[in-house]
J.: 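Handing you a structure now.
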Amino acid sequence: MAGNAGSTRLFDAGRNCWRIEGAERAAFLVDADAYFKAFVAAARKAQRSILITGWDFHSRTRLLCEDERGRELELGKFLNDLVRKKRGLQIHILIWDYPMVFGLDREWAPIYGLGWKPRRRIQFRYDNTHPVGASHHQKLVVIDDAVAFCGGIDLTCKRWDTCDHAPDNALRVVQGSPYPPFHDLAMAVDGDAAKALGDLVRERWRCATGDTLSPPYVRGADPWPDSLAPSVRRDLRIAISRSAPPSGDTPGIRETEELYIDTIRSARKSIYIENQYFTADKVGEALAERLKEEDGPEIIVVLRQLSHGWLEELTMQTLRTRLIEKLRAADRHGRFRVFYPYIEG
């Protein structure tokens, strides 16, 4: 979350965020078309380090950008070309070690010698340090500790789309099969905020693999994409919030949840929520308390209409329906509305 002097009073390092760091530029990237283009432009400027961590990664992902010969870029080949051209560049990729129920949408692991073959200086590992039933869900890319991307978009298939979400976009295809519109967003930051996100990925890598990565030392590095106009700039304060389960003697981390609740409690006029699932009980309780107030904020929630597949139908959609019913019951003053996007066709 980015803020100026006024909004940073909401941030409380050690409780609702991990660190509060400075940045000169931040940009909001709505949908994967914008994100993939910014990622490619920044990665091309990398000198020493690209750190990638996420829920999923697929080497055959079409980035919908072109190389110097006008050929369409594919993620795995693009990364291989980068380390081939830049002798000092190291790329580390850490992905969730998923259960087989998700296997049909996943790529064969390079460690089995199947599918994509990463070049030397590209290390690909799986993270299995989460409890049963949980997943590694931090989606980050950090380049030379100078620019970082953080958000909801993985570097994988079936994510690319443009903001119009047209029903018949011929580019929204994977291996000849079309897939539905997909909406999500990411954020780009520079400066100390980017370095902090690099520290976060390196710690995640150490916990998952036992290996320690050193920060890159690149004097004057600025891989910020030339085509990416900052959404906000100058003397920014960026709060970085985490979620992590308990592990051994280490307590869990609930900074993200705390920041959501603090933000809901501090709202004056309106709360706008755009979410894929909307199932968190504590967030629902905080919203219900605001709806009971005689002069509380208006609350607008935008969700997807249907769940994706039978697993989400049985779990997420059931929980979401219960939470919406609870909030409707708490809406004594008619300030709660739920919507879903619809495009003809």
Side-chain angles (χ1 to χ4, degrees), residues 16 30-32 55-56 96 98-105 130-139 151-154 156 158-159 161 163 165 167 172 179-186 241 243-245 252 254-267 269-294 296-345:
N16 66 16
V30 181
D31 293 315
W55 186 86
D56 192 15
W96 175 39
Y98 55 91
M100 286 310 297
V101 69
F102 291 97
L104 293 177
D105 285 335
H130 46 274
V132 175
S135 69
H136 165 33
H137 216 257
Q138 294 173 343
K139 303 173 183 181
I153 306 174
D154 279 306
T156 191
K158 299 183 180 180
R159 299 299 189 272
D161 202 359
C163 290
H165 303 299
R172 206 172 53 234
Y179 60 91
F182 193 93
H183 175 67
D184 214 320
L185 60 87
S241 296
S243 296
R254 308 183 75 99
E255 295 158 357
T256 304
E257 180 182 81
E258 292 290 344
L259 186 56
Y260 276 139
I261 292 170
D262 289 344
T263 304
I264 290 167
R265 288 173 176 168
S266 69
K269 297 294 184 182
S270 65
I271 297 172
Y272 175 83
I273 297 173
E274 199 176 300
N275 199 269
Q276 183 178 8
Y277 295 123
F278 194 61
T279 61
D281 286 334
K282 287 193 175 181
V283 171
E285 291 168 5
L287 292 170
E289 288 301 313
R290 299 309 311 269
L291 287 170
K292 293 174 184 177
E293 297 173 14
E294 186 173 346
E298 178 184 53
I299 299 176
I300 302 295
V301 181
V302 177
L303 305 170
R304 59 197 297 174
Q305 181 187 14
L306 301 172
S307 295
H308 179 71
W310 64 268
L311 184 61
E312 288 185 10
E313 186 81 23
L314 290 174
T315 55
M316 295 302 186
Q317 186 152 321
T318 300
L319 295 172
R320 181 181 71 176
T321 300
R322 290 176 185 171
L323 182 54
I324 291 172
E325 289 174 350
K326 177 180 178 179
L327 292 174
R328 282 176 172 158
D331 185 22
R332 301 172 180 173
H333 306 285
R335 297 196 311 269
F336 177 61
R337 296 290 184 274
V338 184
F339 300 93
Y340 64 85
Y342 174 79
I343 295 175
E344 187 69 39

J.: Measure the spacing between CZ of R320 and OG1 of T279 and express it to the nearest 0.5 Å.
T.: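 That separation rounds to 10.0 Å.
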
J.: Does D56 use its side chain to pair, donor to acceptor, with the backbone of T156 at less than 3.5 Å?
T.: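 No.
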
J.: Could you check whether any side-chain N or O of K139 sits under 3.5 Å from a backbone N or O of G152, counting only pairs where one atom can act as donor and the other as acceptor?
T.: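 Yes, the answer is positive, given that a donor and an acceptor are paired below the 3.5 Å cut-off.
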
J.: Using modelled atom types only, decide if a donor and an acceptor are shared between the side chain of R159 and the backbone of A32 within a distance under 3.5 Å.
T.: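 Pair absent, no side-chain N/O of R159 close to backbone of A32.
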
J.: Check for a donor-acceptor pair, side chain of D161 on one end and backbone N or O of P181 on the other, with a separation under 3.5 Å.
T.: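 The answer is no, because no donor-acceptor pair under 3.5 Å joins these two groups.
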
J.: Rounded to the nearest 0.5 Å, what separates atom CG in L259 from atom CD1 in I264?
T.: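 Here the rounded value is 10.0 Å.
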
J.: Tell me every residue that passes salt bridge (Lys or Arg N to Asp or Glu O under 4.0 Å) with D184, counting only those two or more places apart in sequence or in another chain.
T.: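 None.
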
J.: On a heavy-atom basis, which atom in P297 and which in I271 lie closest, and how many Å separate them?
T.: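 So the two residues come closest at CG-CD1, 3.9 Å.
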
J.: Where do K326 and E285 come nearest, in terms of heavy atoms and distance?
T.: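 Where K326 meets E285 most closely, the heavy atoms are NZ-CG, 3.3 Å.
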
J.: Hey, is the main chain of E294 close enough, under 3.5 Å, to the side chain of R332 for a donor-acceptor pair?
T.: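 Side chain of R332 to backbone of E294, a donor-acceptor pair under 3.5 Å: no, none is there.
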
J.: With E298, which residues qualify under salt bridge (Lys or Arg N to Asp or Glu O under 4.0 Å), at least two apart?
T.: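 Applying salt bridge (Lys or Arg N to Asp or Glu O under 4.0 Å) to E298 gives none.
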
J.: Are E325 and R322 close enough for a salt bridge, meaning some N to O gap below 4.0 Å?
T.: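 Salt bridge absent between E325 and R322.
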
J.: CG/D262 to CD/E257 distance, rounded to the nearest 0.5 angstrom?
T.: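 Separation between the atoms: 10.5 Å.
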
J.: Look at atom CZ of R254 and say whether more than 12 heavy atoms of other residues, nucleotides or ligands are closer to it than 6.0 Å.
T.: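 No, the 6.0 Å shell around CZ holds no more than 12 heavy atoms from other groups.
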
J.: What are the two closest heavy atoms between V338 and F336, and how far apart are they?
T.: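 In this case the closest contact between V338 and F336 is CG2-CZ, 3.3 Å.
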
J.: Once rounded to the nearest 0.5 Å, what's the spacing between atom CD1 of I300 and atom CD1 of I273?
T.: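 Here the interatomic distance stands at 10.0 Å.
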
J.: Has R290 got a side-chain atom pairing as donor or acceptor with A267's backbone, closer than 3.5 angstrom?
T.: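 Yes: the side chain of R290 pairs with the backbone of A267.
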
J.: Mind checking the CZ-OH spacing from R304 to Y277? Nearest 0.5 Å is all I need.
T.: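 These two atoms lie 6.0 Å from each other.
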
J.: Less than 4.5 Å apart, any side-chain heavy atom of L319 and any of L323?
T.: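 Side chain of L319 against side chain of L323, heavy atoms only: no contact under 4.5 Å found.
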
J.: Measuring only between side-chain heavy atoms, which start at C-beta, is H137 closer than 4.5 Å to W96?
T.: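 No; the side chains remain at least 4.5 Å from each other.
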
J.: Using a 3.5 Å distance criterion without hydrogens, assess whether the side chain of R172 forms a donor-acceptor pair with backbone atoms of Y179.
T.: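 Yes, R172 side chain to Y179 backbone: donor-acceptor pair under 3.5 Å.
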
J.: Find out whether I324 and V301 are in side-chain contact, i.e. whether some heavy atom of one side chain is under 4.5 Å from a heavy atom of the other.
T.: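 No, every pair of side-chain atoms sits at 4.5 Å or beyond.
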
J.: Looking at every non-hydrogen atom in both residues, tell me the closest pair between H130 and A134 and how far apart they are.
T.: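 Looking at all heavy atoms of both residues, the closest pair is CD2-O, 3.1 Å.
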
J.: Measuring from atom OH of Y260 to atom CG of N16, what distance do you get when rounded to the nearest 0.5 angstrom?
T.: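 Output value for this atom pair is 12.5 Å.
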
J.: What is the ring orientation for H165 with H183, classed by angle as parallel under 30°, tilted 30 to 60°, or perpendicular over 60°?
T.: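 The arrangement is perpendicular - the two ring planes meet at more than 60°.
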
J.: How close do D31 and F182 get, counting heavy atoms only, and between which atoms?
T.: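 Residues D31 and F182, closest heavy atoms: OD1-O, 3.6 Å.
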
J.: Identify the heavy atoms of V30 and C163 that sit nearest to each other, and give their distance.
T.: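 So the minimum-distance heavy-atom pair works out to O-SG, 3.5 Å.
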
